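Report on the structure given below.
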Protein chains: 2
Amino acid sequence: MDPAAQGGRRGDTRQRIQQVALELFAEQGYERTSLREIAERLGVTKAALYYHFKSKEDIVRSFSEDYLDELDELVTWAKAQPRTAATAQKIVDRYIALVMERREVFRFMERNQAMLHRSDDHKHHRLEQFRPRMNALVEAITGPDAPTRSRVRATAAFFAVSASCMFFMPDPSGSAGSAIPFQPAPDAEDLHKIVVEIADDILHGIDTPGPGPASRGPAT
Amino acid sequence: MDPAAQGGRRGDTRQRIQQVALELFAEQGYERTSLREIAERLGVTKAALYYHFKSKEDIVRSFSEDYLDELDELVTWAKAQPRTAATAQKIVDRYIALVMERREVFRFMERNQAMLHRSDDHKHHRLEQFRPRMNALVEAITGPDAPTRSRVRATAAFFAVSASCMFFMPDPSGSAGSAIPFQPAPDAEDLHKIVVEIADDILHGIDTPGPGPASRGPAT
DNA sequence: GTCTATAGACGGATAGAC
DNA sequence: GTCTATCCGTCTATAGAC
């Protein structure tokens, strides 16, 4: 039997803690998951966790930072692009890829918004800064002085794609959560294509330097 | 001075508990809000809360049920309508109105998904049944055997509108939360119109009995 | 690097007086 | 209907042995 399988691996304890904690935090919620539970699942004791992390929140920070870094990268990149309809598509496309790739972290953040919103100390916590990042992405598409309607549309595009991805991608499963045998989960690539198309439709309603074929009538 | 103002009202203690609890749960999170804190803000003791509610979760149940009832009403109504594009618009319109009207409860649910997802006993808890309701609304629009693409689009429409509303409608404020002085919050009616239009664009990409003018080309 | 043991605090919930 | 007092559980975090 592979010595790296079963429960015998070691040396990567820190990563294993992150992985298990992320899984449990996402599924049960941050506050309802105790360090004891994490330790038990790993076959260690609570005290061992404190060798690798200085606090419970520190574990969250550790596995969130990579995601936030990547999101910031995307923001920086987006800001540097020329403001065209084609760029908007690319931004959304990369955003979707990021959400899909880091879906576990994203799911954690989605389900623990309250915890992220009111962290013990706002000082060194970048977690609660979801809003400015979202605004930055939106502004990269609409420009700085866009009317409300454009900003809402761009925002809606991001929400539509991320929420849809989360809704249709299956839970990591293994335990509880989705006991409901609902419709089969679509393939990740199919889903990506579909949501890109949706975002595209939403963004077409925005006044950008290079809009697509004008073929939509206003609602009212 | 109005005797019903300031802090002197009484008799409606139950409602005041619900209101304060909802506010704190939505802002700080369910687990990070103690009964002591709720009681303090009301000028009573913890024990008093237990006269009106049998447990902490019972408070959540009490202010959630009205919202869920209304959502179920919408589902029932939607199912009974003929499946046309016009109906789809109406469903979304009513959904938006519901979210806006009950935005406090909606915000609570959004920020405490983890808590709602894994309630102590699944038996009498209707809270975690967000998914089936969403699917029901989607099916009312797409029909029972719709392809994945249609289902995703309809789902995205609902997410796009509710998330946008939550993002742009200001927090009840008064306390902390949105310390960031970002763009001015749009008027509620304007916002409603904008998101209806967005949903409309998304839903136009679905094969329904009576589609609008076909003027959109596929992405690929 | 992991353990045992425990400190120290706070939470939800109940009993019973008024 | 509200209060005082208290029970009991659990949690994070730390000290110190191995």
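To find a chain, count down the sequence lines: A is the first, B the second, and so on, and within it residues start at 1. Predicted model only: the values in this text are computed from it and were never measured.
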> Does a side-chain N or O from A:Tyr51 land closer than 4.0 Å to OP1 or OP2 of C:dG1, or not?
Replying inline: yes

> Does A:Thr45 make a side-chain N or O approach to OP1 or OP2 of C:dT2 shorter than 4.0 Å?
Replying inline: no

List the residues meeting ring pair (Phe, Tyr, Trp, His ring centres under 6.0 Å) with [X], not counting sequence neighbours, and say none if there are none.
X        : answer
B:Tyr95  : B:Phe158
B:Phe106 : none
A:Tyr50  : none

How close or far is atom [atom2] of [N] from atom [atom1] of [X], stated in whole angstroms?
X        : N      : atom1 : atom2 : result
A:Met115 : D:dT12 : CE    : P     : 12 Å
A:Glu40  : C:dT4  : CD    : P     : 12 Å
B:Leu49  : D:dT2  : CG    : C1'   : 11 Å
B:Glu31  : D:dT10 : CD    : P     : 16 Å
A:His52  : C:dG1  : NE2   : P     : 6 Å
B:Arg32  : D:dT12 : CZ    : P     : 12 Å
A:Phe53  : C:dG1  : CZ    : P     : 13 Å
B:Arg14  : D:dG1  : CZ    : C1'   : 14 Å

> Can B:Arg107 and B:Asp171 be counted as an ion pair, charged N to O under 4.0 angstrom?
Replying inline: yes

> Salt bridge or not for B:Glu23 and B:Arg41, using N-O below 4.0 Å?
Replying inline: yes

> With sequence neighbours excluded, what pairs up with B:Asp72 under the salt bridge (Lys or Arg N to Asp or Glu O under 4.0 Å) test?
Replying inline: B:Arg126, B:Arg133

>> I'd like to check the salt bridge (Lys or Arg N to Asp or Glu O under 4.0 Å) partners of A:Arg94; sequence neighbours left out, ordered by chain and number.
In response: none

> Among the nucleotides C:dA13, D:dC3, C:dT2, which one has an atom lying closest to any side-chain atom of B:Ser55?
Replying inline: C:dA13

> Taking the side chain of B:Leu35 as heavy atoms from C-beta outward, which of C:dC3, C:dG12, D:dT4 is closest to it?
Replying inline: C:dG12

> Given that B:Ala48 and A:Tyr50 both sit by DNA chain D, which one's nearest nucleotide is further toward the 5' end?
Replying inline: B:Ala48

> Which parts of nucleotides 5-10 of chain C does protein reach within less than 4.0 Å, heavy atoms only, written one letter per nucleotide 5' to 3' as B for base, S for sugar-phosphate only and - for none?
Replying inline: ------

